[in-house]
2 protein chains.
Amino acid sequence: MQNTKTPEELEAAFGQQLRDLRLRRNIDQRQLAEQAGVALNAVKNLENGRGATLTSLVKVLRALGRADWLETLAPAVAISPMQMLKAKQLRQRASKAKGNANA
Amino acid sequence: MQNTKTPEELEAAFGQQLRDLRLRRNIDQRQLAEQAGVALNAVKNLENGRGATLTSLVKVLRALGRADWLETLAPAVAISPMQMLKAKQLRQRASKAKGNANA
DNA sequence: AATCAATAGCCTTAAAATAGTCCATTGAAT
DNA sequence: ATTCAATGGACTATTTTAAGGCTATTGATT
């Protein structure tokens with residue numbers, strides 16, 4: 001089941017979550033910006049889904065105490081000890097063009 | 001327990017996770033960029049932690065089928081049905097400067 | 001060990017975000 | 001109902017990123 005939202009919608013919904021985190025801590029945008037080391041405008045851009053840099057986002061997450069969330073994107077796959085033994089490490093490059101899982 | 005990593009380190013570690021997701025699907029950067037609708041350079045920037053826009057990130061996550069991850073930042077707090085009744089909705093603004101939870 | 005596609009890195013131009021400031025609107029507290 | 005800080009929106013200058021193209025390096029395959 002795919003996410004049908006457009007990138008714009010995703011960014012806006014994401015901004016709302018950032019806002020929620022901030023408001024749960026009851027700090028204003030100015031304070032958050034200061035603690036994060038970014039401009040007030042950068043926080044506004046993030047929360048309103050108006051476009052932002054990844055750097056601004058990371059700094060703000062850090063200030064909100066949620067930098068750990070950034071580590072949850074690609075969790076290591078859980079494998080059994082037996083599988084562990086013969087598990088090959090992840091490839092460093094995609095395989096050459098013909099045998100790919102492409103569309 | 002705080003995350004002690006610098007923003008640069010966080011961004012680099014995050015980029016590695018993006019790369020892992022891509023490699024698990026065995027597609028190359030060019031294909032991912034094409035499917036995401038961004039430039040090849042944007043994918044490189046993301047994976048190498050060299051700076052990127054939130055828009056590029058969102059498009060790439062979407063192409064990787066992981067846009068749902070964006071919804072996991074601020075999960076709704078679980079409360080009991082009894083609490084539900086008297087639960088006030090989250091404030092829309094931080095409270096005025098004196099009584100804040102500031103540093 | 002030879003091959004060659006995947007990736008890194010650099011360049012230029014265009015587009016977008018940051019930073020700083022100001023003013024208008026509005027939610028929450030009195 | 002009034003007040004006023006929190007927020008939104010707009011503007012300019014500066015910095016950063018996107019896009020597109022090119023070359024050098026290197027990991028995976030044979």
Side-chain angles (χ1 to χ4, degrees), chain A residues 7-8 11-12 14-64 88-102, chain B residues 7-8 11-12 14-64 88-102:
Chain A
E8 289 77 15
E11 222 171 307
F14 182 72
Q16 182 58 54
Q17 291 184 85
L18 275 178
R19 172 163 306 182
D20 286 355
L21 285 184
R22 174 176 62 80
L23 290 175
R24 287 180 195 172
R25 288 158 179 71
N26 193 31
I27 61 178
D28 62 32
Q29 294 176 337
R30 185 183 49 76
Q31 291 168 332
L32 177 57
E34 192 173 329
Q35 291 171 18
V38 300
L40 172 58
N41 273 337
V43 172
K44 289 183 183 177
N45 283 345
L46 277 166
E47 291 192 358
N48 293 308
R50 292 214 180 289
T53 58
L54 184 54
T55 300
S56 291
L57 171 59
V58 168
K59 288 179 179 174
V60 165
L61 284 174
R62 204 154 171 275
L64 287 170
K88 302 175 183 178
Q89 73 172 20
L90 186 62
R91 53 188 310 116
Q92 300 179 318
R93 300 182 173 195
S95 58
K96 292 190 186 180
K98 293 298 182 181
N100 280 0
N102 317 342
Chain B
E8 290 76 17
E11 224 173 302
F14 182 72
Q16 183 57 54
Q17 290 184 85
L18 275 177
R19 184 183 307 254
D20 286 355
L21 285 184
R22 175 176 62 81
L23 290 175
R24 287 179 195 171
R25 287 159 180 72
N26 193 29
I27 61 179
D28 62 35
Q29 294 176 337
R30 186 184 48 77
Q31 291 169 332
L32 177 57
E34 193 173 330
Q35 291 171 18
V38 300
L40 172 58
N41 272 337
V43 172
K44 289 183 184 177
N45 284 345
L46 277 167
E47 292 192 356
N48 292 308
R50 295 219 183 287
T53 59
L54 185 53
T55 300
S56 291
L57 171 59
V58 168
K59 287 180 179 173
V60 164
L61 284 174
R62 206 156 170 273
L64 287 170
K88 302 174 182 177
Q89 74 172 18
L90 186 62
R91 54 188 311 116
Q92 300 179 318
R93 300 182 174 197
S95 58
K96 292 189 186 180
K98 292 299 181 181
N100 277 358
N102 317 343

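By convention in this document, chain letters (A, B, ...) are assigned in the order of the sequence lines, proteins followed by strands, and residues within each chain are numbered from 1. Small disclaimer: the values here were computed from a predicted structure and weren't measured.
- In this structure, A:Arg22 reaches the D:dT7 phosphate: one of its side-chain N or O atoms is under 4.0 Å from OP1 or OP2.
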Does the pair A:Arg25 and A:Leu21 meet the rule for a side-chain contact (heavy atoms from CB on, under 4.5 Å), with working shown?
CA-CA 7 Å; A:Arg25 288 158 179 71; A:Leu21 285 184; 3.9 Å; yes
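- Across all strands, B:Asn41 comes closer than 4.0 Å to base atoms (heavy-atom distances).
- For A:Gln16, the side-chain contact (heavy atoms from CB on, under 4.5 Å) criterion is met by A:Arg19, A:Asp20, not counting sequence neighbours.
- The nearest whole Å value for the distance from the CD atom in A:Glu11 to the P atom in C:dA16 is 12 Å.
- One atom, CG of B:Asn26, and another, C1' of D:dG27, lie 13 Å apart when rounded to the nearest Å.
- Where A:Lys44 and B:Lys44 meet DNA chain C, the nucleotide closest to each residue was compared, and B:Lys44 sits on the side nearer the 5' end.
- We find the CZ-CZ distance between A:Arg24 and B:Arg91 to be 14.0 Å, quoted to the nearest 0.5 Å.
- Rounded to an integer number of Å, the gap from CD of A:Gln31 to C1' of D:dA6 is 10 Å.
- Counting only residues at least two apart or in different chains, salt bridge (charged side-chain N to carboxylate O under 4.0 Å, His left out) contacts with residues 32-41 of chain B comprise B:Arg30-B:Glu34.
- The base of C:dG9 lies outside donor-acceptor range of the side chain of B:Asn48, with no N or O pair under 3.5 Å.
- One interatomic measurement links the two molecules: CG of A:Leu32 to P of C:dT18, which rounds to 13 Å at whole-angstrom precision.
- The side chain of B:Gln92 lies closest to C:dG27, out of D:dT7, C:dG27, C:dA5.
- Contact check of residues 51-64 of chain B against DNA chain D (heavy atom, cut-off under 4.0 Å) returns B:Gly51, B:Ala52, B:Thr53, B:Ser56.
- Taking 3.5 Å as the limit, the base of C:dA29 and the side chain of B:Lys96 contain no donor-acceptor pair of atoms between them.
- Between B:Arg50 and B:Glu11 there is no salt bridge, since no side-chain nitrogen of the basic residue lies less than 4.0 Å from a carboxylate oxygen of the acidic one.
- Atom-to-atom distance recorded for B:Gln31:CD and B:Leu40:CG is 11.5 Å, nearest 0.5 angstrom.
- Each end of the helix from C:dA1-D:dT30 to C:dT30-D:dA1 gets its own axis from five base pairs, and the two axes differ in direction by 80°, given to 10 degrees.
- Between C:dA29 and B:Arg91, a contact under 4.0 Å exists linking OP1 or OP2 to a side-chain N or O.
- The CG atom of A:Leu46 sits 8.5 Å away from the CG atom of A:Leu61 when rounded to the nearest 0.5 Å.
- A:Ile27 has its CD1 atom 12 Å from the P atom of D:dA6, to the nearest Å.
- The CG atom of A:Leu40 sits 16 Å away from the P atom of C:dC23 (whole-angstrom rounding).
- One finds a side-chain N or O of A:Gln29 lying less than 4.0 angstrom from the OP1 or OP2 phosphate oxygen of D:dG8.
- Across the protein-nucleic acid pair, B:Leu23 atom CG and D:dG27 atom P stand 13 Å apart, rounded to whole Å.
- Taking only distance into account, the side chain of B:Arg93 meets the base of C:dT26 through a donor-acceptor pair shorter than 3.5 Å.
- A distance of 8.0 Å separates CG in B:Asn45 from OG in B:Ser56, rounded to the nearest 0.5 Å.
- In this structure, CG of A:Asn45 is placed 18 Å from P of D:dT15, rounded to the nearest angstrom.
- In this view, B:Arg93 satisfies the salt bridge (charged side-chain N to carboxylate O under 4.0 Å, His left out) rule with no residue, not counting sequence neighbours.
- Set against C:dG9, D:dA19, C:dA6, the side chain of B:Asp28 has C:dA6 as its closest nucleotide.
- For B:Arg50, the listed nucleotide lying nearest its side chain is C:dG9; candidates were C:dA19, C:dG9, D:dA19.
- In this view, A:Ala63 and A:Leu32, A:Gln35, A:Ala36 satisfy the side-chain contact (heavy atoms from CB on, under 4.5 Å) rule, not counting sequence neighbours.
- Distance from the side chain of B:Arg19 is smallest for C:dA8 among the nucleotides D:dT29, D:dA18, C:dA8.
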